[in-house]
Amino acid sequence: MTRIDDTFARLKAEGKKAFVAYIMGGDPDQATSLAVMQGLPGAGVDVIELGMPFTDPMADGPTIQAAGQRALEGGMTMDKVLAMVRTFRAQDNATPIVLMGYYNPIYSRGVDRFLAEATEAGIDGLIVVDLPPEEDDELCIPAQKAGLNFIRLATPTTDAKRLPKVLQNTSGFVYYVSVTGITGAAAAVATDVAPEVARIKRSTDLPIIVGFGINTPDQAKAIASVADGCVVGSAIVKDIGAGVPVSDVLAKVKALADGAHSA
């Protein structure tokens, strides 16, 4: 059982939906990013998604692309992302952390080295959006052997033929992408999401968490009400990029979390 498994088991026992927050590691600088990260659990965040900045983030829209660019220009590296996690873990050993990003930086580092360092730092799961199930031997299987959840994305275009392959080695939770396209591009609509979540649930017992296109507490509530929880990224990252004070960013996160938890 990972921290992710424990968290979802606890939420289920409490009859609560999950709120997951995404931030980019090192955006706009390491100190600010760490301050936001350290404040997320107190703002009601159940699972933290921590972005690994990368030069070619193909699944991300302009807001998160810009966040990655700011982080890279500020000197952010994978070593520094992992250092953030270690610092966070010195104060919080319970909140799950999922690293989200792309395979190139992991491949460049070496899978065995990366997995050893990630587990030592206190990472609980991985979302690597450009590694399909056909490449599970590359990272997914080694990650699970190392004790990390490997979280897969399902999308509106994941049909009945493809879905079993997507779910095959997925663990922790399934991340359902609510819209066809990139992050921050369109608003998620609960009436569209509900039948898709129900379809996926017929094939897995894993929690289904919905992301992309959720920007307000009302949207968080609506989407969480038809799934096991929701993810908000761009709406938070946009404020960080605009220089909104950390306390105000966390107040917004709390409002979003309260929306999801009230579902």
Side-chain angles (χ1 to χ4, degrees), residues 2-4 20-43 45 47-60 62-131 139 142-143 146-151 183 231 233-234 236-247 249-250 253:
T2 64
R3 291 184 188 90
I4 296 170
V20 182
Y22 170 96
I23 62 169
M24 177 65 73
D27 173 40
D29 56 69
Q30 190 170 359
T32 304
S33 185
L34 179 61
V36 174
M37 185 181 181
Q38 289 174 323
L40 292 177
V45 172
V47 179
I48 296 170
E49 275 184 28
L50 184 63
M52 295 184 290
F54 180 52
T55 53
D56 189 22
M58 64 186 75
D60 293 307
T63 298
I64 292 178
Q65 283 187 34
Q69 198 60 42
R70 286 190 299 269
L72 291 169
E73 288 173 357
M76 202 62 184
T77 63
M78 188 181 289
D79 281 335
K80 292 179 180 179
V81 171
L82 294 174
M84 280 179 61
V85 176
R86 291 187 193 96
T87 302
F88 178 90
R89 283 281 173 242
Q91 297 179 340
D92 184 321
N93 199 39
T95 305
I97 301 172
V98 176
L99 274 187
M100 184 170 185
Y102 299 84
Y103 186 46
N104 184 280
I106 297 170
Y107 177 80
S108 297
R109 196 174 195 82
V111 168
D112 290 345
R113 177 186 170 192
F114 168 77
L115 291 175
E117 292 174 345
T119 52
E120 179 271 328
I123 297 298
D124 303 289
L126 303 175
I127 299 174
V128 182
V129 298
D130 55 349
L131 265 185
L139 180 63
L148 298 173
N149 290 126
F150 198 87
I151 296 144
T183 57
V231 184
S234 293
I236 300 167
V237 170
K238 189 173 184 178
D239 281 0
I240 294 170
V244 172
V246 171
S247 58
V249 171
L250 294 174
V253 171

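The structure presented is a predicted model; accordingly, all values stated were derived computationally and were not measured. Values below: every heavy atom of this structure, side chains too, minus hydrogens, waters and symmetry copies. Numbering of residues begins at 1 and proceeds along the displayed sequence.
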* Could you grab the distance from atom CD1 of I23 to atom CG of L34, nearest 0.5 Å is fine? => 8.5 Å
* Asked: Does a side-chain heavy-atom distance below 4.5 Å link Y102 with T55?
  -> no
* Please indicate whether D79 has more than 12 foreign heavy atoms, meaning atoms of other residues, nucleotides or ligands, lying under 6.0 Å from its CG. => yes
* **Test item: T2 and L148 side chains (from C-beta on) under 4.5 Å apart, heavy atoms** => no
* For the atom pair CG (L50) and CZ (F88), what is the distance rounded to the nearest 0.5 Å? -> 9.5 Å
* Verify, without hydrogens or angle tests, whether R3 (side chain) and D124 (backbone) share a donor-acceptor contact under 3.5 angstrom. => no
* Kindly say whether Q38 contributes a backbone atom to a donor-acceptor pair with the side chain of D92 at under 3.5 angstrom? => no
* Can you find a heavy atom in the side chain of D27 that is under 4.5 Å from one in the side chain of P53? -> no
* Asked: So which of L99, N104, I106 actually passes side-chain contact (heavy atoms from CB on, under 4.5 Å) with V128?
  -> I106
* Structure fact -> Closest non-hydrogen contact found for G26 with S33 is N-OG, 3.0 Å
* Asked: Got a second to check how far R70's CZ is from Q65's CD, nearest 0.5 Å?
  -> 11.5 Å
* Mind checking the CG-CE spacing from L72 to M24? Nearest 0.5 Å is all I need. => 8.0 Å
* Asked: Heavy atoms, side chains only, cut-off 4.5 Å: are M52 and P105 in contact?
  -> no
* Any sub-3.5 Å donor-acceptor pair from K238's side-chain atoms to T63's backbone N or O? -> no
* **side-chain contact (heavy atoms from CB on, under 4.5 Å) partner of L126, the single match among I151, N149, L115** => L115
* Would you confirm whether D29, through its side chain, and A31, through its main-chain N or O, come within 3.5 Å as a donor-acceptor pair? => yes
* To do: Carefully, step by step, assess Y22 and I64 under the rule side-chain contact (heavy atoms from CB on, under 4.5 Å).
  => CA-CA 10 Å; Y22 170 96; I64 292 178; 3.6 Å; yes
* Asked: If you look at every heavy atom in A43 and V253, which pair is closest and at what distance?
  -> CB-CG1, 3.9 Å
* To do: Can you see which heavy atom on G122 is nearest to which on V85, and at what distance?
  => C-CG1, 4.0 Å
* **side-chain hydrogen bond (donor to acceptor under 3.5 Å, both in side chains) involving R86 - partner list, sequence neighbours excluded** => E120
* Asked: How long is the gap from CG on L40 to CD1 on I236, to the nearest 0.5 Å?
  -> 7.0 Å
* Verify, without hydrogens or angle tests, whether T32 (side chain) and V246 (backbone) share a donor-acceptor contact under 3.5 angstrom. => no
* Structure fact -> Closest non-hydrogen atoms of A121 and L82, given as atom of the first, atom of the second and distance, are CB-O, 3.9 Å
* Asked: Roughly how far apart are F54 CZ and M78 CE, rounded to 0.5 Å?
  -> 10.0 Å
